[in-house]
Amino acid sequence: MEQPPLIRLEEVSKTYRMGDVEVHALRGVTLTVALGEFTAVMGASGSGKSTLMNILGCLDRPTAGRYLLEGQEVSHLGTEALAGIRNRTIGFVFQSFNLLPRTSALENVELPLLYAGVAAAERHARASASLAQVGLADRADHFPNQMSGGQQQRVAIARALVTRPRVILADEPTGNLDSRTSVEVMALFQELGRSGITVVLVTHEPDIAQYASRVVTMRDGRVRSDVRREPRRAEPPPPGEPAAAEEALP
Amino acid sequence: MNWFQTLRVALRALLRNKMRSFLTTLGIVIGVSAVIAMVAIGDGAKARVEAQFSAMGSNLLMVLPGTTTAGGAHGGFGSMPTLTWDDLKAIQTEIPTVRYAAPQLRATVQVLSEDQNWTTTVIGTTPDYFDIRSWPIAAGSLFSSVDVDGATKAAVLGQTVVDKLFGPNADPVGQVIRVKNVPFTVVGVLTKKGQSQWGMDFDDCVIIPVSTFRQKVQGGLGNYLGGIIMVSATGPSTVSRTESLVRGLLRDRHRLQPGTDDDFSIRNLAEIAAASQEGTRTLTTLLAAIAAVSLLVGGIGIMNIMLVSVTERTREIGLRMAVGAKPGDIRLQFLVEALALAVAGGLIGVGLGLGAARWMASSFGWQVLYRPDVIFIAVGFSGLVGVGFGFYPAHRASRLDPITALRFE
């Protein structure tokens, strides 16, 4: 039996009402993402890429069309069921990291497992493993304000990975990082792609998009182009680099 | 998320803003501590009143003779002897709910020892009197019915009389005192009973057999009983029934027509005690009202801060929802925070209240009584306030849209 594609959008539309005006954020998007693909979604602001991400992330429901995630129709599921899917299947990475303040890196990473009902000992073990995977095993006890922007974003990626999701949705993950740490983060995403995790990345920077193996360009709520090509390999920064190079931007 | 984890998350969130959390609970702290302290003091006062009334005797009825009316001036109860010795016998034998009945004849006389004198109340009665007043002996023995039958000159002394005639810590048993120049042998000393609510010293008395009293101290009323009758009912529940039975019996025996007034009076001490506790009860009601108001104000404070907290932490809520928190998880988390605030306030309030009660007890010499049930109710009630006023903010948090919450600045 053939495995269904990980993500399948069929003629998905999303319409918002803002007062008297109807805003068509998505006008019939059909898109298939296979397992392990590293896709960048590009587009100007207002092109519908954020709405697309919200729908892909099960944070929002389409007005029309079907969304099949791992072959399961999710566009009509209730709030509770969607929360469960977000918890198990999807990992989020945000532009502004969204780490809980005054909470250690380890505990930030544990957060999704808390809602998955994982017992404390296993939670610690998995969160530690996840931190090690992003190269921050030694920063487990640090608070977000003690870490650079790149480190914070890596903690956020570790948090997204800890539930072993099928897909990671990254919304402008490098928007608050300098170019050097951006490459570092992209290298991490490429590595995840090689280990079979699907990554969908929203960005408006072509520099960043070139690390993906597929670039979907959005415009006015429609897919304008969909190109697959050989990605540029993100060179991981040399080990032992000075800490000053990792200064946080904002 | 299980309860323990939710509680941990809630406590961490509260400890992140220690000062604010503390100020938020202050309303509840003040309300609960005021209630705990006042209830402890009020109960202490009530217990003292109860102890004083039970010193008078348990399940006690006092039957007083009637009044004289001379030229329109009423002489007051006891001014005319209407009770007879046969009435006493009838009360003892004809009413099943009477456990004991004893006469109490009183006279104020000077009593002499070898080298001291003291003017005190001499009471003539029967041995049942000590049971009626639940008054045990401290040294020696009580006089018996044989003494009453033989009109022996035996005396039982109260502690005050012992102190005045023989000095403190003296053992007067076997010594001789003179009452109206008649020598009496001291056979026993009673335990200390203390003062009545109105300052009368219970221990300032000499108790002798009623027959001797009539022969040597004060006599001359013949068939009439020149004092009152003390009646002890079989239990607290039979006191009022005994009162009406005694009233019916005496009206019968005195051949009073229906519609005429009693020529005697019955005092029910349980009723007097209840009346004196009425004031305490009013005070308690007032306190409960104050407590309710301060808990209400405290609850509003909690609701206010929880609403602020929900707004401040909108992004956190959005993130938690994005990583899989269900609306119920969010609601529970904020509800538990409000609950923890309120219960912590309640517990601090209990501690402060107990401390304040202790301090007042030691510095004003008041009696205080700690009631565990009040403590549980106070803490439970603050918890209820926390849940009640925390529900709306928690519900609001759970209804947030994760997308807007995550973009919230």
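Within every chain, numbering begins at 1; the chains are lettered A, B, ... in the order of the sequence lines, protein sequences first and strands thereafter. What you are looking at is a predicted structure, and each value in this text was computed from that prediction instead of being measured.
Contact of R313(B) with chain A is not made at all, since no heavy-atom distance falls under 4.5 Å. Heavy atoms closer than 4.5 Å to chain B are found in the side chain of R159(A), but not in its backbone. At a 4.5 Å heavy-atom cutoff, T163(A) makes no contact with chain B through either its backbone or its side chain. Only the side chain of E107(A) comes within less than 4.5 Å of a heavy atom in chain B; its backbone stays farther off.
The distance from atom CE of M321(B) to atom CG of N87(A), rounded to the nearest 0.5 Å, is 13.5 Å. Taking CZ of R102(A) as the reference point, atom CG of L15(B) lies at 11.0 Å (rounded to 0.5 Å). Atom-to-atom distance recorded for L114(A):CG and T6(B):OG1 is 7.5 Å, nearest 0.5 angstrom.
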| field | Full working for side-chain contact (heavy atoms from CB on, under 4.5 Å) between T103(A) and R16(B) | value | CA-CA 10 Å; T103(A) 306; R16(B) 226 175 271 161; 3.5 Å; yes
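Proximity of S96(A) to R407(B): side-chain heavy atoms (C-beta onward) are nowhere separated by under 4.5 Å. Side-chain atoms of K326(B) and R86(A), non-hydrogen and from C-beta on, never get closer than 4.5 Å to each other. A heavy-atom distance below 4.5 Å is found between the side chains of L319(B) and F94(A).
When the candidates V118(A), L113(A), N98(A), L111(A) are compared by the number of heavy-atom contacts under 4.5 Å with chain B, N98(A) comes out ahead.
Nearest heavy-atom pair across Y115(A) and G324(B) is CB-O, 3.8 Å. The two residues A83(A) and A325(B) have their closest heavy-atom pair at CB-O, 3.8 Å.
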